[in-house]
Amino acid sequence: MNLNATLFAQLVVFLILAWFTMKFVWPPIVKALDDRAKKITDGLAAADKAKTDLALAEKKVVDELRKARESAGEFRTSAEKQAGVIIDEARVEAARIITQAREAAEKEAGAAAQRAKETLRDHVAQLAVAGASQILRREINQQVHAELLANLKRELA
Amino acid sequence: MATGHEALPDAAAHAPNASEYIIHHLTHLTQTKQVALVDWSVFHLDTLLYSISIGLLAVFLMARAARKATSGVPGRFQAAVEYLVEMVESQAKGIIHSAESRKFVAPLALTVFVWIFLMNAMDLLPLDLIPNIWAWIYGKAGHDPSHAYMRVVPTADLNATLGMSLAVLLLCLYYNLKIKGVGGWMHELFTAPFGSHPLLYPINFAMQMIEFVAKTVSHGMRLFGNMYAGELIFMLIALMGAAWAGTAGSGLLWIGGVIAGTLWAIFHILIITLQAFIFMMLTLVYIGQAHESH
């Protein structure tokens with residue numbers, strides 16, 4: 001076994017390699033490891049948070065559904081009530097219109113009948129007068145018998 | 001380039017015997033032949049070549065994964081690098097409590113682990129593959145192929161492992177000074193482990209020095225010893241497998257070589273990982289000790 005200058009060469013090479021590793025190998029690897037650890041920590045935290053959020057959201061959905069159902073029920077009730085009111089109002093209005101119409105019609109019919117009756121009366125009186133005048137041509141004097149004719153007209157009414 | 005082990009006989013004339021084979025495999029490629037036990041002018045070129053190229057490969061592969069790193073779903077390669085980083089980071093966190101120091105020490109530990117693991121893994125390549133290719137190139141270049149030396153496992157070279165453990169020692173001294181200050185560290189050097197008494201100062205100081213030396217030497221030697229021994233056993237297994245050709249009728253040796261080689265290689269997967277891990281952990285522990293006051 002010989003000792004020689006190889007020893008010092010090896011010593012220097014060793015320190016240079018160690019320096020190189022310290023400068024160019026160690027930091028990026030350790031950084032990658034640390035970053036990955038951080039990523040995993042963050043990921044786990046995010047997963048936990050997502051789980052909580054999901055539970056919250058589900059609860060909210062149930063709440064909202066219940067609320068919607070309730071308000072729909074309310075709407076339906078009030079709509080039914082309103083519809084009832086409208087129908088009632090309409091029914092009253094319709095009844096009123098019908099009554100009014102009937103009354104108007106009755107009045108009209110009454111007036112028409114009256115008119116017809118009067119016309120008829122006039123005609124009958126004229127006819128009677130005409131007939132009588134045809135028959136009694138000379139005996140009947142218009143002026144003399146006016147009262148008689150008016151009485152006759154009145155009786156026919 | 002004059003390389004070589006002059007003690008080797010002319011190998012061109014005959015196949016190397018067991019001793020020559022092992023010595024050949026245990027000789028480093030150097031720019032000049034090392035005679036003395038310690039010679040600071042010599043380099044082990046093979047150790048440098050493989051350790052530097054493997055180190056660059058390791059850090060560039062990791063840097064590639066790091067550059068493309070995403071905090072989203074990681075690819076397989078990124079996930080593998082992330083796995084390593086997390087493993088090292090958790091170990092560093094448990095041992096070194098200063099986040100400021102960890103910014104450098106944790107990447108250092110990662111480098112140590114990956115680099116040493118890959119250098120150790122060179123032991124799993126076929127023993128003669130790269131040396132034979134080198135011998136062929138060396139021969140083609142007009143040199144004697146029997147003098148083509150090539151050792152492919154950098155961690156089986158004491159220089160490499162001691163170099164790294166010395167770097168760890170330097171870091172320990174640096175952090176001792178940085179964390180405790182000059183005064184605090186001096187105080188610790190003379191009062192720990194036995195206590196503050198003028199008579200105990202020299203003993204304490206001696207113990208501290210012994211501790212530093214023992215830590216550093218054992219740190220480097222442990223890895224070196226394991227890998228050197230592992231490599232040597234691969235050589236012995238290879239020799240056993242090769243012996244059948246010489247002794248007619250003993251094909252059993254060849255089968256034994258295959259079985260032993262397989263078993264040792266499988267076991268070695270454990271050893272190379274374990275030794276890389278131990279070196280990394282000790283690096284962290286020693287630097288961690290530099291942060292703690294007695």
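In the text below, chain A, chain B and the rest are named by the order of the sequence lines, each starting its count at 1. Nothing here was measured: the structure is a model prediction, and the numbers come from that model. Atoms considered below: every heavy atom in the structure, side chains included; atoms not considered: hydrogens, waters and symmetry mates.
- Between A:Phe14 and B:Leu166 the shortest side-chain heavy-atom distance does not fall below 4.5 Å.
- Residues A:Thr21 and B:Pro107 come closest through the heavy atom pair CG2-O, 3.7 Å.
- Sparse packing is recorded around CZ of B:Arg64, with 12 or fewer heavy atoms of other residues, nucleotides or ligands lying under 6.0 Å away.
- In this structure, A:Gln82 places its CD atom where only 12 or fewer heavy-atom neighbours from other residues, nucleotides or ligands lie under 6.0 Å away.
- Taking all atoms of both residues into account, the shortest heavy-atom contact from B:Trp40 to A:Ala5 is O-CB, 3.2 Å.
- Taking CE of B:Met164 as the start and CG of A:Leu15 as the end, the distance is 11.0 Å to the nearest 0.5 Å.
- Side chains of A:Trp26 and B:Glu89 form a contact here, defined as non-hydrogen atoms less than 4.5 Å apart.
- Judged by distance alone, the side chain of B:Arg67 and the main-chain N or O of A:Pro28 form no donor-acceptor pair under 3.5 Å.
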Go through it in stages, so that I can follow the logic: the residues are A:Leu11 and B:Leu170, the test is side-chain contact (heavy atoms from CB on, under 4.5 Å), and I'd like the CA-CA distance, side-chain angles, deciding distance and then a yes or no.
CA-CA 10 Å; A:Leu11 193 162; B:Leu170 290 181; 4.0 Å; yes
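- With a 4.5 Å cut-off on side-chain heavy atoms, B:Leu84 and A:Ile29 do not count as touching.
- More than 12 heavy atoms of other residues, nucleotides or ligands lie within 6.0 Å of NZ in B:Lys178, so this atom counts as buried by the packing criterion.
- Counted by atom type alone, B:Gln34 and A:Asn4 present one or more donor-acceptor pairs between their side chains at under 3.5 Å.
- When side chains are defined from C-beta on, A:Leu17 counts as touching B:Leu56, because their heavy atoms get closer than 4.5 Å.
- The two residues A:Phe24 and B:Ala66 have their closest heavy-atom pair at O-CB, 3.5 Å.
- Within a 6.0 Å radius of CD in A:Glu108, other residues, nucleotides and ligands contribute 12 heavy atoms or fewer.
- Taking the side chain as every heavy atom from C-beta outward, B:Asn159 and A:Gln10 never approach each other to under 4.5 Å.
- Heavy atoms from other residues, nucleotides or ligands lying under 6.0 Å from CZ of B:Phe77 number more than 12.
- B:Lys68 does not touch chain A: none of its heavy atoms, backbone or side chain, sits under 4.5 Å away.
- Between A:Ala32 and B:Glu82, the closest heavy-atom pair is CB-OE2, 4.4 Å.
- Looking only at heavy-atom pairs under 4.5 Å with chain A, the residue among B:Ala36, B:Ala109, B:Ala63, B:Ser165 that has the most is B:Ala63.
- Across all their heavy atoms, B:Thr111 and A:Ala18 have their closest contact at OG1-CA, 3.6 Å.
- No side-chain heavy atom of A:Lys31 sits less than 4.5 Å from a side-chain heavy atom of B:Ser71.
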side-chain contact (heavy atoms from CB on, under 4.5 Å) between A:Asn2 and B:Leu37: does it pass, once the steps are laid out?
CA-CA 5 Å; A:Asn2 306 320; B:Leu37 191 62; 4.3 Å; yes
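- Paired with A:Thr6 under the rule side-chain contact (heavy atoms from CB on, under 4.5 Å), one option of B:Leu162, B:Asp157, B:Leu158 passes, and it is B:Asp157.
- Taking a 6.0 Å sphere around CZ of A:Arg96, one finds it holds more than 12 heavy atoms contributed by other residues, nucleotides or ligands.
- The residue among B:Asp39, B:Val38, B:Val42 with the most heavy atom pairs within less than 4.5 Å of chain A is B:Val42.
- Interface check for chain A: of the options B:Leu108, B:Val73, B:Val81, the most heavy-atom pairs under 4.5 Å are formed by B:Leu108.
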